[in-house]
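Here the structure comes first, spelled out in structure tokens, and everything after it is commentary.
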There are 4 protein chains.
Amino acid sequence: MKGFASDNYSGAHSKIIEAVINANKNHEKAYGNDQYTEEAVGKFKQIFGDDIDVYFVFTGTGANVLSLKTVTQSYNAIICSEFAHINVDETGAPENLTGCKLLTIQTNDGKITVDGIKKYMYRIGDEHFAQPKIISISQPTELGTLYTVDEIKEISQYAKKNNLLLHVDGARISNAAVALNLNFKQFTKDVGVDILSFGGAKNGLMFGEAIIFFNTNLSANFKFFRKQSMQLSSKMRFISAQFTALLINDLWKQNAQQSNKMAQYLYNKIKDFKEIRITQKVETNGVFAVMPRELALKLQQKFPFYFWKEEIGEVRFMMSFDNTTQEIDEFVELIKGEF
Amino acid sequence: MKGFASDNYSGAHSKIIEAVINANKNHEKAYGNDQYTEEAVGKFKQIFGDDIDVYFVFTGTGANVLSLKTVTQSYNAIICSEFAHINVDETGAPENLTGCKLLTIQTNDGKITVDGIKKYMYRIGDEHFAQPKIISISQPTELGTLYTVDEIKEISQYAKKNNLLLHVDGARISNAAVALNLNFKQFTKDVGVDILSFGGAKNGLMFGEAIIFFNTNLSANFKFFRKQSMQLSSKMRFISAQFTALLINDLWKQNAQQSNKMAQYLYNKIKDFKEIRITQKVETNGVFAVMPRELALKLQQKFPFYFWKEEIGEVRFMMSFDNTTQEIDEFVELIKGEF
Amino acid sequence: MKGFASDNYSGAHSKIIEAVINANKNHEKAYGNDQYTEEAVGKFKQIFGDDIDVYFVFTGTGANVLSLKTVTQSYNAIICSEFAHINVDETGAPENLTGCKLLTIQTNDGKITVDGIKKYMYRIGDEHFAQPKIISISQPTELGTLYTVDEIKEISQYAKKNNLLLHVDGARISNAAVALNLNFKQFTKDVGVDILSFGGAKNGLMFGEAIIFFNTNLSANFKFFRKQSMQLSSKMRFISAQFTALLINDLWKQNAQQSNKMAQYLYNKIKDFKEIRITQKVETNGVFAVMPRELALKLQQKFPFYFWKEEIGEVRFMMSFDNTTQEIDEFVELIKGEF
Amino acid sequence: MKGFASDNYSGAHSKIIEAVINANKNHEKAYGNDQYTEEAVGKFKQIFGDDIDVYFVFTGTGANVLSLKTVTQSYNAIICSEFAHINVDETGAPENLTGCKLLTIQTNDGKITVDGIKKYMYRIGDEHFAQPKIISISQPTELGTLYTVDEIKEISQYAKKNNLLLHVDGARISNAAVALNLNFKQFTKDVGVDILSFGGAKNGLMFGEAIIFFNTNLSANFKFFRKQSMQLSSKMRFISAQFTALLINDLWKQNAQQSNKMAQYLYNKIKDFKEIRITQKVETNGVFAVMPRELALKLQQKFPFYFWKEEIGEVRFMMSFDNTTQEIDEFVELIKGEF
């Protein structure tokens, strides 16, 4: 039964599976020295230009943590939103594996600002205080909201002036591109982002994420950290072939368009129930809403979705590439039946 | 072109791909709470009994390091062969991620003994010395050799008497089972092994390894370590479905038999060349040999394989499940052409 | 020139130096197996009872981090005030050395409450979220304020009910005891504290802090962590002899009384300046105040003290055991001269 | 009772205590920003030249680990003797705190050679293998033996050619200087050493070690690592004043001469007992010998000393600055009484 629990509850798009089947030929060099990986890297270079470094890893947490680990020392600090995946969904992996402190900024919508960052830019050079080194933002945020191009630029300009780097957790980067109606480069590399976690699994891959260094000086030691952090796949082709399939013929766009559209569809169907209050702008593929806890519990029996803040009855509906109007309609009928 | 570089140069067995295709249906709960994972765990319980805990991870390094991390404190030491994968092929991941010291035993054939272990069993309780906590052996070893059941039992008995645990790196455990003509349980759980890294990728999987705790008290906190160490797959079904396919209808056996057989075939074809000297017993799917460096370099141009100790001209031929007599015959012809 | 920068700007009390001289006799076993350490441990047992474990380390950061490291796994979280020394003055050592995440509670006065703690008590058992294991409070706080006995008890009772431990950072624990007019045991062990960092350097020692485990089950592996974390002194007697001197004849009390009294003295002298606003209750040996930034900068030229929040002109005056009314009077004269 | 267990069983030299007393005046800035630290750094610059960085830490393990941590990444390896203090006496602190692997070289006398180092200089650039970054030698070694100036130079030249750094664990560096009849600079900085752990506690200090960077580019981030690793003393003057006292009027030399002399004295007194076999050259302040285990156990009852390799009856006599001929004579009488 398809529900709205997470965009990793869905399987893989059929074209992704096809790509995996096609990559399953003959012997290939292990650990990424294969033709499929070369091809996938080439696809990313078509998008972002040749002056980048691309690496594939297994998970979103892997992509984030390795992005951060590669450019930090253990006495550094990482600035992010309190809602950041790196702060609340990775079991302390960033702290544990980088040794760094996370400095978190309170927000209503998951979007941090220069004002929030400034709060932590003090005691620079003071050996008693973890030294800020990199800002990490999520685009879209964990609340489904979007940074505008100008908002990212403002952060990156502040970062550069203050000797900080800028990382983007793009676990759902395709949803952002579709929503902004921009190509990937325009709201990352072009506006000063240094490192991008480019998501795959939440947009129809079986598994696999990419890390893209826009500043290739930063990636000199990456390969050692990847192996040491257990994120190096031996039969790498089975990740990279998926990415090639995602990037050709705009499969990434088709998938993200569908999940974004379904979020809008759901939003429009439920926004006028007086018992339901939408809590975040619906800009990508997630819908956040407060509803009576009782109602939520009933609905969950038929359609899986998560409580976001259970204490206030806030829930999250997250759309996958394969969600359709059909299950949303059924879901809405179910709600109607409760009133 | 198929060669003999590594059993991870091959792709996946067609039945593995089929299983992946079949698992790509509908939505499933993420992170292992899905029916495919339940089924795969069930398969392992059929083999090893119900009193085990089974977890899936991405890589062999992941399986080894998490096996060790779950049961150690940072002041502990891990005893292993100097040739152990954990010692020479994991970029110091065991030290870095567990905090432990590796105490290595010199061997000729990759097999450690109680005598070697005893060398490190001193200063117990001395706070200045890393305290031995677990022994890790590879079955088969990285040199293709095998521990007999009695040899494992002797080590495990010593371990128990000395308050040590026993881990088996079974990256090629299927090759061992075939060679020993035993079921998996007989040379692991039945002889006192505590934790087993059960290999998949080197026996025809796309990716994926399992960790099996025979002592379920040890695994209480495993899930937290797995997530924090970035080895938790969101769409877990794509690992577990592969394992189910490997374990049903003895696919594991068929694959391992073929690679073991091909090693024997190669061995028999080259053992009598007077320019070639076999350096290790050929017990599983690897053949180690010394040959003139010039010859090796020439052969590598047509058939990929690795130098093991380049300074003495030692090379390794590692057979995959899909190697056939055909490429071995061609390879041998090539050798003959050189004399 | 004596100022008010920190209670570690002062040297050591003359009786402490005397104790060091007296301990400098003959050979003693290294690493704490000496008569002086036995004596110091005995002194602590007189205070807290025999059912404790006492260990000496070099620094306050060492005492805090080792208290936490000994009882946590890397996937745990530590709950504390955002002002906690472990959060803002230890360069991320707690995160780096324990691997844990710090979950910080906003406060006005440095004192956390059960309500603040509850905010983080969710997703228990969820492998994606760092699992709370221990609460750390500072007594007195970094803002010079005090928890009442009942406030500590309320936290410890909540902790016990929720399977959490309670650590007290007592870098200035003597100042708290004097201010509360209680013996050490009454507001630590007696009200459910599990581990105490017992401060020395900020109350007249040359160097050295103690860690006291009220729950001796927790300290089984402490000695290994201490050595591995480089906090084991070879000539331990030179720490322990200082502690004995601090604890006999109530030197700890005499020192803390003086620094507390001087804080009151300063407070009473400056509280009525209309240009100066006291920002925290003066309960121990620190005085926090907002004053015109210009004025602060001028005063600092003669008397060292620190800005606390420079952006709002908040400063901290921290009194040492050897501060006297004389320098405070001079300081107040200086202020008067500015108006 | 003075024995021969270790040069940290002795207390501090009276002039060291005097220096501590003299430093206990007035308030001083904390954390090393004080006049005593400036003076001590100046003393080291007189010895080694102005182009160095000097830092003080608490322990020898602290000095070694921080020397290594400051210049390594977690995927690096550290090459050392199997007898190195960092390998056998620091509870795995180097691995745990740097994340690096230790690559150990077997030796008879504790001295490694370029041939031994070369064994590990392979797979450079291979992401699966911990990458050698620094060589660490002990001068004198843990076996009391000495590297000649030429031997150090040979290692440092190999290091430079191979992009490696050279660290010297000089816990007993004064004993080496006296034995070589050279000044400190001649066998460290002048022959290409990059970082030196300069020992204090084993030559008459209460506590305290120095780290000297001869390549000041390496120390840019040291202060952050020191604080984060809990090796930053608040009342730093009490370490630095000791070092000043050690370095003026050649107190370091006087102390080391005495302990070296006493080793020679003991050596000459016992070398001709036919039941005793000296196992290492007596070049500094240690004497290693094999004797009947029964005899050793009897002697230990009166004079503390350690077994080195208990299984072969090898013992270690380590002389302190305050050992005299008197206790050696008594000890030798005791031996004679046994035959």
Side-chain angles (χ1 to χ4, degrees), chain B residues 6 8 59-61 64-65 68-69 72-80 82-106 115 118-133 142 171 306-312 314, chain D residues 6 8 59-61 64-65 68-69 72-80 82-106 115 118-133 142 171 306-312 314:
Chain B
S6 180
N8 57 30
T59 73
T61 297
N64 290 336
V65 170
L68 301 168
K69 184 178 179 65
T72 51
Q73 295 283 353
S74 62
Y75 59 78
N76 283 132
I78 297 156
I79 298 175
C80 64
E82 62 171 338
F83 293 122
H85 197 270
I86 58 170
N87 190 46
V88 291
D89 294 300
E90 303 184 353
T91 328
E95 287 94 337
N96 184 40
L97 298 173
T98 69
C100 295
K101 175 180 278 296
L102 262 57
L103 299 173
T104 60
I105 299 171
Q106 293 195 326
D115 272 352
K118 275 182 184 165
K119 176 187 160 191
Y120 289 118
M121 294 303 293
Y122 68 114
R123 296 177 69 179
I124 303 304
D126 172 352
E127 71 210 90
H128 297 263
F129 191 66
Q131 300 289 301
K133 178 67 189 279
E142 293 74 10
Y306 282 109
F307 275 105
W308 187 251
K309 288 194 190 169
E310 193 165 357
E311 67 277 18
I312 61 164
E314 191 177 22
Chain D
S6 180
N8 57 30
T59 73
T61 298
N64 289 337
V65 170
L68 300 169
K69 184 177 178 66
T72 50
Q73 295 283 352
S74 62
Y75 58 77
N76 282 132
I78 298 157
I79 298 174
C80 64
E82 62 172 338
F83 294 123
H85 196 270
I86 59 171
N87 190 47
V88 291
D89 294 299
E90 302 185 353
T91 329
E95 287 93 338
N96 184 40
L97 298 173
T98 69
C100 295
K101 175 179 277 297
L102 261 58
L103 300 173
T104 60
I105 298 171
Q106 292 195 323
D115 272 354
K118 275 182 184 164
K119 176 187 161 191
Y120 289 118
M121 294 303 294
Y122 68 114
R123 298 177 69 180
I124 303 304
D126 173 351
E127 72 211 89
H128 297 264
F129 191 66
Q131 301 289 300
K133 178 67 190 281
E142 292 74 10
Y306 281 110
F307 274 104
W308 187 251
K309 288 194 191 170
E310 192 165 357
E311 67 277 20
I312 61 164
E314 191 178 21

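The figures here come from the full heavy-atom set of this structure, side chains too, leaving out hydrogens, waters and symmetry mates.
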Separation between [atom1] of [X] and [atom2] of [Y], rounded to the nearest 0.5 Å:
{"X": "B:D89", "Y": "D:R123", "atom1": "CG", "atom2": "CZ", "answer": "4.5 Å"}
{"X": "B:K101", "Y": "D:T91", "atom1": "NZ", "atom2": "OG1", "answer": "9.5 Å"}
{"X": "D:E311", "Y": "B:Y122", "atom1": "CD", "atom2": "OH", "answer": "8.5 Å"}

Structural part of B:N87 lying under 4.5 Å from a heavy atom of chain D: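 It is both, since atoms from each part get that close.
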Could you report the tightest heavy-atom contact between B:G92 and D:A130, atom names first, then the distance?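 Heavy atoms of B:G92 and D:A130 come nearest at N-CB, 4.3 Å.
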Considering non-hydrogen atoms only, spot the tightest contact between D:N96 and B:S74 and give its length.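 Scanning both residues, the minimum pair turns out to be OD1-CB, 3.7 Å.
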Contact part of D:E127 toward chain B, heavy-atom cut-off under 4.5 Å: side chain, backbone, both or neither?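 It is the backbone, since no side chain atom gets that close.
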